[in-house]
Amino acid sequence: MIFNSIAFLLFFPVVCIVYFALPTIRLRNLFLLAASYYFYMNWEPVYALLLLASTGITYFAAQGVAKYENHKKLLLTIGIVLNLLILFFFKYFNFAADNVTALMEFFGVKISIPEFKVLLPVGISFYIFQAMGYMIDVYRKDIKPEKDFFTYALFVSFFPQLVAGPIERSNNLLPQFKQKHSFDYDNVMKGVNVMVWGYFMKLVLADRCGLYVDAIYNNVSHHNGGSYLVASLIFPFQLYGDFAGYSFIAIGCARVLGFKLMENFRRPYFFSTSIQEYWKRNHISLTSWFMDYIYYPMIGRSTKLWWWCCAIFITFFISGFWHGAAWTYVVCFSIHGIYLVTCILKEKRQRKFEKKHGLKKKEWWLWINRIVTFLLVVITLVFFRANTLQDAITVFIGIFANPGVPYEDYANFIAIGLALIILMIKEFSEEYKWRTNISESSSWLVRHVYIIAMIAYIILFGVLNGDQFIYFQF
């Protein structure tokens, strides 16, 4: 897996050297495009054909949308449908076939729908959503269509964020491909700093947590409620470290080359005081995509509260399917939809209550809300992590009906504890703007010592077995 291996440590510096050595923007973009396709083909060469197909469909559809005003809605619809058909076939066809077969059997009708043995292309949901977002932006006249096919293809396939985001917006990333980025030492060091933090999040925090979580959730019948509880409380940090880790690596890689990708995480687990705030801090690129392209168009100019609630639930229900062809994801995000509907319905009463008792700025009140929000998220993530709905139910029942001493893994617990302490120090320093944030120290020596120390820490305590990022499957 290239982001986690020696291969990437060789691949990326070579890309940087060649990129900055090329004299023109055109040559640099063509080189990055070739590098991006090479990077993607490391998983499976045939994946490049799907990436090219989605790119071609959305490019020509957007050109048509801009050129043929009278037919732009039809052309947009065709572009979206074709992309969704690609996504459906490779990600959801077998899931749909299994569920239709089971439903028919429930009614006493036996049918046989052939399954297709195809590998799920890595990151297919990410680049298809990014490409569809571009088409919709052109349709709305938020941006002008990109005339150069190769520049647009680079926007869809830009290797740092190709397989797991952030899901970039055309008005942010596309214009950057028109600019000539010179080698800048400060940019490089800032990018390396962010990349190192991303590798810490992935290899030390996420993969250390994963050793324990996987041992429990992949063998639920062999464990008790104590183990379920500990694993469920640890899993949010595995998921956060894994996905935010990828995002930081992607943002850092892009920054070294001179590109600025959008922020994707803003300390969601320690500082979210409500589910609403959690989704403003967590997976920002996907959340904003769903809000801008599904939720807001759905509510339109409606002022009816009941329709806002229905729309937010539908949006998160769809988000569950986006995450994977499994009912566990649908249940997870449907519960988040219910949470958000509840937040909307109680918002006025809560504001009135907080104002009456002067709670809004009380630190202890904020921390009560943060803890409650974290626990509500933990409940949903049991479904996210469980292999089946039955496993999730087993975990919930076991926590309350079968308590016991958790599975012991003391050495790993110490490593996880140290990683969490480092995470907390960094995130608290960023949230409260402490001057102790040594990663952004004004001292050249301090910054470089920090990077060297972090690399040494990752090598000593990281799990260096090349496990893939969780979100590669989406």
Heavy-atom side-chain proximity of [X] to [Y] below 4.5 angstrom:
X    : Y    : value
I57  : I86  : yes
V213 : R385 : yes
S125 : L87  : yes
S288 : R169 : yes
V196 : Y450 : no
L30  : L154 : no
Y296 : M291 : yes
S319 : H283 : no

Interatomic spacing from [atom1] in [X] to [atom2] in [Y] - rounded to 0.5 Å:
X    : Y    : atom1 : atom2 : value
I344 : I275 : CD1   : CD1   : 12.5 Å
I368 : K362 : CD1   : NZ    : 12.5 Å
M201 : I249 : CE    : CD1   : 10.0 Å
E146 : T151 : CD    : OG1   : 5.0 Å
L76  : R140 : CG    : CZ    : 9.5 Å
Q276 : S274 : CD    : OG    : 5.0 Å

Exercise: identify the closest heavy-atom pair between [X] and [Y]:
X    : Y    : answer
M41  : A48  : CG-CB, 3.6 Å
L261 : L173 : CD2-CD1, 4.0 Å
I25  : Q179 : CD1-C, 3.7 Å
P297 : D292 : CD-O, 3.3 Å
V256 : V192 : CG2-N, 4.0 Å
A386 : T328 : O-CG2, 3.7 Å

Neighbour count >12 (heavy atoms, 6.0 Å) for atom [atom1], [X]:
X    : atom1 : result
H71  : NE2   : no
Y68  : OH    : no
K144 : NZ    : no

Given ring pair (Phe, Tyr, Trp, His ring centres under 6.0 Å), test F428 with F271 step by step and report yes or no.
CA-CA 9 Å; F428 273 74; F271 300 103; 4.9 Å; yes
Between R370 and E363, is the salt bridge (charged side-chain N to carboxylate O under 4.0 Å, His left out) condition met? List the steps.
CA-CA 10 Å; R370 286 166 180 165; E363 195 68 21; 3.6 Å; yes
For [X] and [Y], I'd like to know if the aromatic rings sit close, meaning centre-to-centre distance below 6.0 Å.
X    : Y    : value
F383 : W327 : no
F243 : F265 : yes
F237 : F270 : yes

Would a distance-only check, ignoring hydrogens and angles, find a side-chain to backbone donor-acceptor pair under 3.5 Å from [X] to [Y]?
X    : Y    : result
T342 : I338 : yes
T287 : N282 : yes
E168 : Q130 : no
N369 : W365 : yes
W289 : F129 : yes
R281 : R266 : yes
K180 : P23  : yes
S272 : Y269 : no
W197 : M454 : no
R255 : N187 : no

Row check, Y139 ring normal vs K72 NZ/CZ: under 6.0 Å, within 45°:
yes
Passes side-chain hydrogen bond (donor to acceptor under 3.5 Å, both in side chains), Y217 versus S232? Steps please.
CA-CA 9 Å; Y217 269 88; S232 299; 2.7 Å; yes
N29 vs D148, side chain to side chain contact (heavy atoms under 4.5 Å, CB included): CA-CA, chis, key distance, verdict:
CA-CA 11 Å; N29 286 348; D148 186 81; over 6 Å; no
Tell me whether the rings of [X] and [Y] are parallel (<30°), tilted (30 to 60°) or perpendicular (>60°).
X    : Y    : result
Y92  : F321 : perpendicular
F235 : F384 : tilted
W322 : F290 : perpendicular
W279 : F333 : tilted
Y339 : H336 : perpendicular

The ring pair (Phe, Tyr, Trp, His ring centres under 6.0 Å) partners of F259 (sequence neighbours excluded) come to F158, F177, H181
Per side-chain hydrogen bond (donor to acceptor under 3.5 Å, both in side chains), E354 is matched among K352, R351, Q350 by Q350
Where do Y152 and F155 land on the side chain to side chain contact (heavy atoms under 4.5 Å, CB included) test, with the steps shown first?
CA-CA 5 Å; Y152 173 68; F155 163 73; 3.8 Å; yes
Do N83 and Y127 have side-chain N/O donor and acceptor atoms under 3.5 Å apart?
no
Would L205 and I422 satisfy side chain to side chain contact (heavy atoms under 4.5 Å, CB included), going step by step from the backbone distance to the final call?
CA-CA 10 Å; L205 178 62; I422 293 171; over 6 Å; no
Name the residue from Y134, F150, F149 that meets the ring pair (Phe, Tyr, Trp, His ring centres under 6.0 Å) definition with Y59.
F149
Start with the C-alpha gap between V15 and L32, add the side-chain angles, then the distance that decides, and say whether side chain to side chain contact (heavy atoms under 4.5 Å, CB included) holds.
CA-CA 8 Å; V15 169; L32 282 182; 4.0 Å; yes
Passing candidate, side chain to side chain contact (heavy atoms under 4.5 Å, CB included) with S157, options L51, V163, L52, T55
L51
